[in-house]
Amino acid sequence: MNDYIIVGSGIAGLYTAQLAAQHNLKVVLVTKEAVEECNTRYAQGGIAAAIGEHDSPELHIEDTLVAGAGISDPAAVRVLCEEGPARVHELINLGVPFDTHNGSIALTREAAHSERRILHAGGDATGAAIETTLAGVVANTNVDVRAWTLATEIMLENGQAVGVRTLDARTGERGEVRAKRIVLATGGAGQLFQATTNPTVATGDGVALAYRAGAGVSNMEFFQFHPTALRLPGAPGFLISEAVRGEGGVLRNAAGERFMLKLHPDAELAPRDVVARGIAAEMVSTDADHVYLDVTHLPADLVLLRFPTIAKVCRSHGLDITKEPIPVAPAAHYMTGGVVTDLHGRTSVPNLFAVGEVSMTGVHGANRLASNSLLEVLVWAKRVIEAPDGPIEAPTFPQTTQAITMAAEADETPFSRAALQRLMWRNVGIVREADGLGSALRQLVAWRDVQAEPSTVREYEDANLLIVATLLTYAALLREESRGAHARRDFSETREVWQRYLVLKQG
């Protein structure tokens, strides 16, 4: 009998797998494409941890709570910030080559952090460095890695998770894998939107799997849009790291004006949701599809040392970032909500766990603090492996559970992933309102009710995207306020009555 099935091969899956292997546990890791294809690989900025001389967990806690806009769970935030430094040192011991300065770990600052506490590797290639290191570590363990294997269903017996059903992406062969514990580590769902920094594999699979199995899902309305993705003809939605602004990059409109100065006292280093909405508004007011991120005033050698990947990608499109500003626009980036877990990663389905972007631990609240995501993975992976048997702990933050029951309305618009992405970008994007959300929800339910039983990886992904889109839109319609990454034109104020989580379950 396997001890663990781990679904996903980003930092969440690989770190959890190697921890389990250290305990001589029998582990199967399934991932729908190659091991290295995941969101982790594209993470540029780094990992936030209070390891600096003038930093402390208390300062990190304070910054995280402020960014979370009143609904970060203080208990979860304390776990993150107090246990984070030890987990980062374990990652260093595994061989992740973090950048150094004068023999010490180099630390940079990102938006809404009061101290320089971001560890990075290869300048702006932190995710790739972590992914490569962990993949190598796992390859030297007894973990049974099954690439090109999609998890299609959580197997339940007597209400408990006992395994997963699978589909071989190359042969179409179906199978089953059983284990004492199942860990979802499937990452996010950026493919919901027309513009995203996420790779094509980010289709919300874990949230859909857990929701169909009966687990609670929460905070989906707080999908985070990164303020600065590259906007060049023919270029992909490539992330321009927040660390660029942390090192002194400034945002300008076509006239060269620093428009963020009038919107927030921290200007370019305001929380992500503030900067993303500021850019979006500036684009509307100037009738442009981008603004500019300018680093031309910084020393060229510093820019090239800190951001070699960004410089290389821009150069491949004919742009020298040391001499010309970078055209940027917001793009969907991080799924702040997810499958509800307790402080040990347990979900409401016995034996089912969730780690990383797929989970909702309460750490991020309404707006994730930059570079806290990779730290959350390290802390909760360790807690999952050490979690005692037993039911999910009682919530430590106020929440309301809502069962979803929705009837379809006739609609003749044919489904396609592109149509879904356009709908979500237009109606459930950076700024929302009731009419658009209601229209999107009706369309999503209509598509859901005519969807055929999936048989290929692509069809399963589309089915998963539809579920996650419905959860996100439903939550955004119910939350009648603006808070963090969730902004409503028709409810522009933050309301105390909504200082709670909205947990969605199947009706």
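In this chain, numbering begins with 1 at the start of the sequence shown. The structure displayed is predicted, hence computed values, not measured ones.
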Could you check whether [X] pairs with [Y] (Lys NZ or Arg NE/NH1/NH2 to Asp/Glu carboxylate O, under 4.0 Å)?
X: R109; Y: E115; answer: no
X: R458; Y: E461; answer: no
X: R483; Y: E481; answer: yes
X: E153; Y: R165; answer: yes
X: R245; Y: E110; answer: no
X: D490; Y: R432; answer: no
X: E83; Y: R78; answer: no

Okay, side chain of [X], backbone of [Y]: is any donor-acceptor separation there less than 3.5 Å?
X: N198; Y: H333; value: yes
X: Q191; Y: P199; value: yes
X: S218; Y: L502; value: yes
X: T494; Y: S482; value: yes
X: R488; Y: A476; value: yes
X: D3; Y: V27; value: no
X: T141; Y: A139; value: no
X: T347; Y: L352; value: yes
X: T186; Y: G206; value: yes
X: D144; Y: V28; value: no

Whether H486 and F222 hold their rings parallel, tilted or perpendicular, with breakpoints at 30° and 60°: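 Correct class here is perpendicular.
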For residues [X] and [Y], determine if any side-chain heavy atom of one lies less than 4.5 Å from a side-chain heavy atom of the other.
X: H60; Y: L369; value: yes
X: E376; Y: V355; value: no
X: V145; Y: V30; value: no
X: F397; Y: P74; value: yes
X: R448; Y: T470; value: no
X: C81; Y: L59; value: no
X: V428; Y: L441; value: no
X: Y501; Y: T400; value: no

Looking at every heavy atom in both [X] and [Y], which two are closest together, and how far apart are they?
X: L29; Y: S9; result: CD2-CB, 4.0 Å
X: Q402; Y: Y474; result: NE2-OH, 3.6 Å
X: L156; Y: A213; result: CD1-O, 3.6 Å

R500 to W498 six-membered ring, cation-pi geometry met (6.0 Å, 45°):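 Geometry flag: set, cation within 6.0 Å and 45°.
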Y334 six-ring centre to R368 NZ/CZ under 6.0 Å and within 45° of normal: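 Ring-cation test returns yes.
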Test log, rule side chain to side chain donor-acceptor pair (under 3.5 Å), inputs T203 and K32: CA-CA 11 Å; T203 52; K32 67 179 176 181; 2.7 Å; yes
State the [atom1]-[atom2] distance between [X] and [Y], to the nearest 0.5 angstrom.
X: K26; Y: K180; atom1: NZ; atom2: NZ; answer: 10.0 Å
X: L25; Y: L19; atom1: CG; atom2: CG; answer: 10.0 Å
X: R181; Y: I5; atom1: CZ; atom2: CD1; answer: 13.0 Å
X: D273; Y: N367; atom1: CG; atom2: CG; answer: 4.0 Å
X: F98; Y: I118; atom1: CZ; atom2: CD1; answer: 11.0 Å
X: L466; Y: Q443; atom1: CG; atom2: CD; answer: 9.5 Å

Derivation and outcome, side chain to side chain donor-acceptor pair (under 3.5 Å), residues T197 and H226: CA-CA 8 Å; T197 63; H226 199 286; over 6 Å; no
Test item: side-chain donor near acceptor, [X] and [Y], under 3.5 Å:
X: T126; Y: H120; answer: no
X: Q506; Y: R212; answer: no
X: N372; Y: T64; answer: yes
X: N219; Y: T336; answer: no

Close aromatic pair by centroid cut-off 6.0 Å: F193 and F225: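 Yes: the rings meet the under 6.0 Å criterion.
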Worked check of side-chain contact (heavy atoms from CB on, under 4.5 Å) between D205 and L150: CA-CA 9 Å; D205 303 331; L150 176 73; 4.2 Å; yes
Working for side chain to side chain donor-acceptor pair (under 3.5 Å), residues S114 and D63: CA-CA 7 Å; S114 59; D63 291 346; 2.8 Å; yes
